[in-house]
Every structure is written in C-alpha cells, then in structure tokens.
Amino acid sequence: MRRPSRGRAFLDLEGPAPHIPPARVPPQKAAGPRNERVFLRMSSSTGPYPAGPAPAEGVAPKPARKLLIRTWGCQMNVYDSGRMADILAPLGYAPTESAEEADMVILNTCHIREKASEKVFSDLGRLRETKKARAAEGRQTVIAVAGCVAQAEGAEITARAPWVDIVLGPQTYHRLPEMVARASRAAGAVIETDFPAEDKFDHLPEARAPQGPVAFLTIQEGCDKFCSFCVVPYTRGAEFSRPAAAILAEARQLAANGAREIALLGQNVNAWAGASPDGHTWRLARLLRELAEIPGVARLRYTTSHPRDMDDDLISAHGEIPSLMPYLHLPVQSGSDKVLAAMNRGHKAELYIRLADRLREARPDLALTSDFIVGHPGETSADFEATMRLVERIGFAGAYSFKYSARPGTPAASQPGPVAEAEKDVRLQALQAVLRRQQDDFNRACVGRVVDVLVTGTGRHPGQVAGRSPWLQPVHATGAAPVGAVVSMQLRAALPNSLSATMAHEESAAA
Ligand code: 5AD
Ligand code: SF4
C-alpha cells in the first residue's frame with residue numbers, strides 16, 4: 001500500500017477516461033464512427049441505488065429527505081455513488097429518481113466521453129430551474145457535483161453555475177455530511193477537491209446497503225503509470241491500495257447481504273499491493289485466493305488491469321481459483337511498439353501476446369477484452385496496421401475503442417504528428433468492424449454450451465429470468481429461479497444484445 005502523493009494538477013480537460021470500463025454510455029449524437037464499446041454485456045445499474053442502512057435502534061430517525069444521484073461513467077463511479085448514498089442515509093436521505101422531489105441532487109461525473117463536462121453543465125442548467133421552483137415553494141435543494149469533472153473543473157463549475165452548493169473530488173466523499181451541513185448554512189459553494197491526508201475508506205460507514213447479487217468493491221485507486229493520453233493520474237491521484245483486512249471485511253459483509261459475485265475495482269487493479277493482516281504485503285492473486293474462501297461468494301472478477309502488472313501468480317490464479325471468472329479486461333491500446341512507446345505504456349506488443357497465450361494456457365476458456373485508441377499523435381497507417389494484426393492474432397471477446405482526443409495538460413496533447421479527424425474515423429471504423437466480428441464469433445461459439453448463469457432479475461418478457469454468463473454476457477431464459485441463484489443453463493442463440501438460454505435441468509427432465 002502506498003499513500004497517494006499530495007501532488008495534484010488541475011487540468012482543463014475534455015474527458016479523462018477512468019481506466020475502468022464505462023458502466024453506462026448514454027447515446028451520442030455524433031455522426032460517423034463513435035468511440036464505443038462493442039461488448040455484449042450487462043449494463044450496470046446507474047439508476048436507483050438501494051436504500052441506506054436503517055438507523056440504529058434507539059436513535060431517533062432524521063426527518064425524511066430525498067436524494068437523487070445521477071451517475072455517469074465507470075463502475076468505480078457506480079461504487080462511489082453507492083457509498084455516497086450509504087454515508088447520507090443516516091442523515092435521513094432516502095433515494096428518489098425525481099429531481100422535483102429531491103432535497104439533494106448529486107451529479108457523479110465522468111470525462112470518458114468528449115463534451116462530457118458540457119453535458120454536466122446542461123444538466124446543471126435544468127437543475128437551476130428545479131431549484132428555483134422548489135425555492136418558490138419554500139423547499140431547499142442542495143446541488144452537488146462529484147467525480148472527475150468536479151476534480152478537474154471545480155473552479156469553472158462554481159463560476160459558470162453559482163447555484164451549485166458543493167463541488168467534491170473523488171477523494172473527499174467521506175466529508176459529505178459536513179459539506180452538506182456547511183452548504184445548508186453558507187452562501188456560496190463548498191469546494192473539496194483536495195487529496196486529503198486521511199483515507200476516505202477509513203471514514204466511510206462500514207455498513208453497506210445491500211447491493212443485490214452483483215457487488216462492486218473498490219480495492220485500489222489512482223494510477224502512477226502516466227500514459228501520455230490519460231488524465232487519471234491527475235484526477236484520481238497516485239496509486240493507493242486498501243489494506244487486505246478492510247477489503248476482506250467489506251467482502252464478507254457484501255456476501256452476508258446477498259452478493260454472489262464480487263467485482264474488485266481499481267483504476268489499476270492488478271497493481272494492488274496491500275498490507276496483509278500479518279504485516280506483509282499481498283499482491284492481487286493472494287487477495288483473490290482469500291476472497292474465494294468467503295462463504296457465499298460464488299464469483300470473482302477484477303477490473304481494470306495493466307499488462308505490466310500481470311504477474312506470474314496472477315496468471316496462475318486464473319487456472320487455480322474456480323470462482324475467478326474466465327474473463328479479463330486487459331487494455332492494450334495499440335499494437336505498434338512505436339505508438340506504445342509514445343503512449344508511455346511501458347511494454348511492447350509482444351509482451352501482450354505472450355500474456356494472452358499464458359493466460360489461455362492457464363484458463364483455456366478465458367475471454368479477453370481490451371481498450372484501443374486510434375489516432376494517437378504520430379500513429380501512421382503502418383502503426384494502425386500493426387494494431388489490426390495484433391487484434392487478429394489475439395481474438396477478442398469484446399473491446400472498447402476510442403478515437404484519440406487530446407486532453408489539455410497531458411503529454412500527448414503536445415506531441416507532434418496529430419492525426420486528421422477523418423483519418424481517425426476511417427481507422428476506428430475498420431477496427432470496430434473487426435472487433436465486432438470477433439465478438440459475434442465469440443458469442444456464437446458459446447451457443448450449445450451448458451454454463452452456470454448467475455440470476456440477477458426477471459427478464460424483459462413475463463416468465464423469463466435474466467442473468468449473466470461467466471463471460472459477462474447477458475442471458476435470458478424462460479423459467480423461474482431466485483435472484484442470486486447460480487443455475488445451469490444451455491445457451492441456445494446469440495441475439496444482438498444477449499444470449500437466450502434454457503434451464504439445463506428442464507432439458508434433462510424433458511429428456
Ligand atoms: N483519448 C481517447 N481515449 C482515451 N482513453 C483514455 N484517455 C483517452 C484519450 N485521451 C481510453 C483508453 C482507456 C479507456 C478507459 O479510455 O483506451 O483504457
Ligand atoms: Fe490512464 Fe494509463 Fe493509468 Fe490506465 S494505466 S489509468 S490509461 S495512466
């Protein structure tokens with residue numbers, strides 16, 4: 001574990017991309033190829049979050065207030081929104097989805113999409129009207145902006161939207177109750193975008209509201225890699241690993257609350273190196289082995305990883321821990337050694353290929369997914385061809401692909417050889433076509449297999465259940481099974497956004 005350095009840079013940027021797959025990518029209007037994910041995967045809930053813990057016995061409940069949290073971006077933001085709800089629950093805040101009803105609105109923001117901050121400002125414009133209308137009825141509304149836009153553009157938010165009461169960076173969520181109290185008293189915004197000396201995880205409530213069968217657990221934050229194009233090291237700070245005991249305690253609690261699948265989160269999750277209960281430092285493989293022992297935890301995942309941090313033990317863990325799902329998101333960004341060097345990725349294409357081979361040796365059914373950037377400064381068509389060759393060589397089950405967009409303040413923004421927008425479009429289209437084909441191939445290859453599906457809810461049609469496969473594909477099946485059950489199903493067809501299945505036991509009963 002390392003404490004974050006307190007260094008911090010404010011960037012006027014157009015969209016940091018937390019190094020975690022986006023949980024929700026709202027529709028974009030841009031014509032031509034879009035930065036997109038071509039995954040077939042369950043979108044994580046960014047809507048209503050579960051109600052917070054009930055007040056302790058003997059403690060008078062606070063007057064009912066309503067809280068609306070809107071979440072953009074990565075799964076770490078989804079996790080953070082849940083924790084903000086947890087910390088505000090004892091103050092009497094219960095969730096709502098209506099801005100008109102909300103006594104407090106938190107916009108938990110992300111920079112992954114271009115113009116993301118503009119979308120935040122237009123949402124803030126609408127909230128201004130709501131706040132005015134509520135004030136006319138004598139009701140106060142606290143408006144907070146959290147997340148990476150808040151971290152990077154705090155001053156601009158308060159200048160352009162003075163009706164915002166609180167601006168808080170990702171490291172200061174534990175101070176929310178105090179900020180709410182100050183905001184309710186003070187005129188002018190309360191701004192907390194420091195990297196404080198205390199650890200926010202130590203100050204968040206231990207009790208976590210039930211998450212459902214799939215739970216996120218942040219084990220690591222920040223990044224020291226400083227890829228040329230990326231703002232994460234500036235917005236989320238230096239790498240920090242939570243101690244193992246705290247993670248294990250949280251996981252036990254999640255399991256007790258009904259979680260069957262736990263996804264460990266971190267911007268650089270496989271760089272996790274946390275203090276162990278016996279005073280040593282564990283790496284991720286050891287942590288996974290310990291987590292696998294927790295009763296009730298049927299499935300483990302972790303995201304997002306860096307190729308340089310895939311150590312031998314972690315590769316072996318994929319073959320040795322049955323509950324570690326055969327799925328790994330391992331961004332490569334480019335297949336050209338020249339571009340990888342310009343990106344400051346610290347590895348060559350060959351290392352990635354070797355890792356993929358070794359992982360598949362350890363776990364032959366492993367689904368590999370990745371991130372790509374096309375049009376990084378200096379990328380020639382020969383470099384792009386090298387990326388296409390790497391994609392063909394590996395065979396991905398899904399991928400996120402992006403056109404490079406300059407983030408002011410990052411090294412790449414001042415690197416020579418910008419690639420024309422039209423050329424980026426052409427490359428992105430070509431790359432996405434291959435990735436989509438590979439994804440379809442992967443999904444079709446699953447048809448006919450009997451696999452364990454974790455039931456997450458009811459399906460779109462009556463009499464159906466919805467779940468997720470070991471490879472994170474959404475699955476729909478006719479039949480009944482309780483949420484949280486792991487049910488053996490036969491995959492029947494690959495549909496555009498899901499797989500259809502039948503319950504395997506019904507098959508055998510019918511046979
Ligand atoms: N331009 C385009 N894509 C980016 N990403 C990060 N920064 C940028 C940028 N400046 C992508 C990377 C990363 C993913 C989360 O977002 O592929 O892995
Ligand atoms: Fe950003 Fe690179 Fe760190 Fe990922 S490894 S968060 S792309 S700096």
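Just so you know, ligand 1 is whichever comes first in the structure, and atom 1 is the first atom listed for that ligand. The structure displayed is predicted, hence computed values, not measured ones.
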Run the numbers on N108 and T71 for side chain to side chain donor-acceptor pair (under 3.5 Å), then give the verdict. CA-CA 5 Å; N108 193 7; T71 309; 4.9 Å; no
- Message: Does ligand 1 come near enough to F229 that some N or O of the ligand is less than 3.5 Å from an N or O of the residue?
- Response: yes
Going by the 4.0 angstrom heavy-atom rule, the piece of C227 near ligand 2 is both
Near N268 (heavy-atom distance under 4.0 Å), the atoms of ligand 2 are 3 (Fe), 5 (S)
Quick note, salt bridge (charged side-chain N to carboxylate O under 4.0 Å, His left out) partners involving residues 259-275, not counting sequence neighbours, are E261-R299, E261-R301, E261-R468
ask   = Between F372 and F396, is the gap from one ring center to the other below 6.0 Å?
value = yes
In ligand 2, the atoms that come under 4.0 Å of a heavy atom of K225 are 3 (Fe), 5 (S)
Could you check whether F229 and F402 have their ring centres less than 6.0 Å apart?
no
Review point. Looking only at N/O atoms, are Q333 and ligand 1 under 3.5 Å apart anywhere?
Key: yes
Contact region, T304 to ligand 2, non-hydrogen atoms below 4.0 Å, reads neither
Under 4.0 Å from one or more heavy atoms of K403, ligand 1 contributes atoms 1 (N), 2 (C)
Atoms of ligand 1 under 4.0 Å from any heavy atom of F402, numbered from 1 in the order shown, are 2 (C), 3 (N), 11 (C), 14 (C), 16 (O), 17 (O)
Test side chain to side chain contact (heavy atoms under 4.5 Å, CB included), reference W282, set P243, S241, P277, output is P277
Numbered in order shown, the ligand 2 atoms found under 4.0 Å of a heavy atom of P233 are 8 (S)
Start with the C-alpha gap between D383 and T380, add the side-chain angles, then the distance that decides, and say whether side chain to side chain donor-acceptor pair (under 3.5 Å) holds. CA-CA 5 Å; D383 294 319; T380 62; 2.9 Å; yes
The atoms of ligand 2 lying under 4.0 Å from a heavy atom of F229, numbered in the order shown, are 7 (S)
- prompt: Do H329 and Y302 make the cut of ring centroids closer than 6.0 angstrom?
  reply: no
message: So, 4.0 Å and heavy atoms of M343: is ligand 2 close enough to count as a contact?
response: no
Contact region, F226 to ligand 2, non-hydrogen atoms below 4.0 Å, reads backbone
Next on the checklist: What I'd like to find out is whether the side chain of S401 reaches to under 4.5 Å of the side chain of V374, using heavy atoms alone.
Outcome noted: no
Y404 heavy atoms within 4.0 Å reach ligand 1 at atoms 1 (N), 2 (C)
Regarding H306, does it place an N, O or S atom less than 2.8 Å from atom 2 (Fe) of ligand 2? no
- Item | Heavy-atom side-chain proximity of Q151 to P170 below 4.5 angstrom | yes
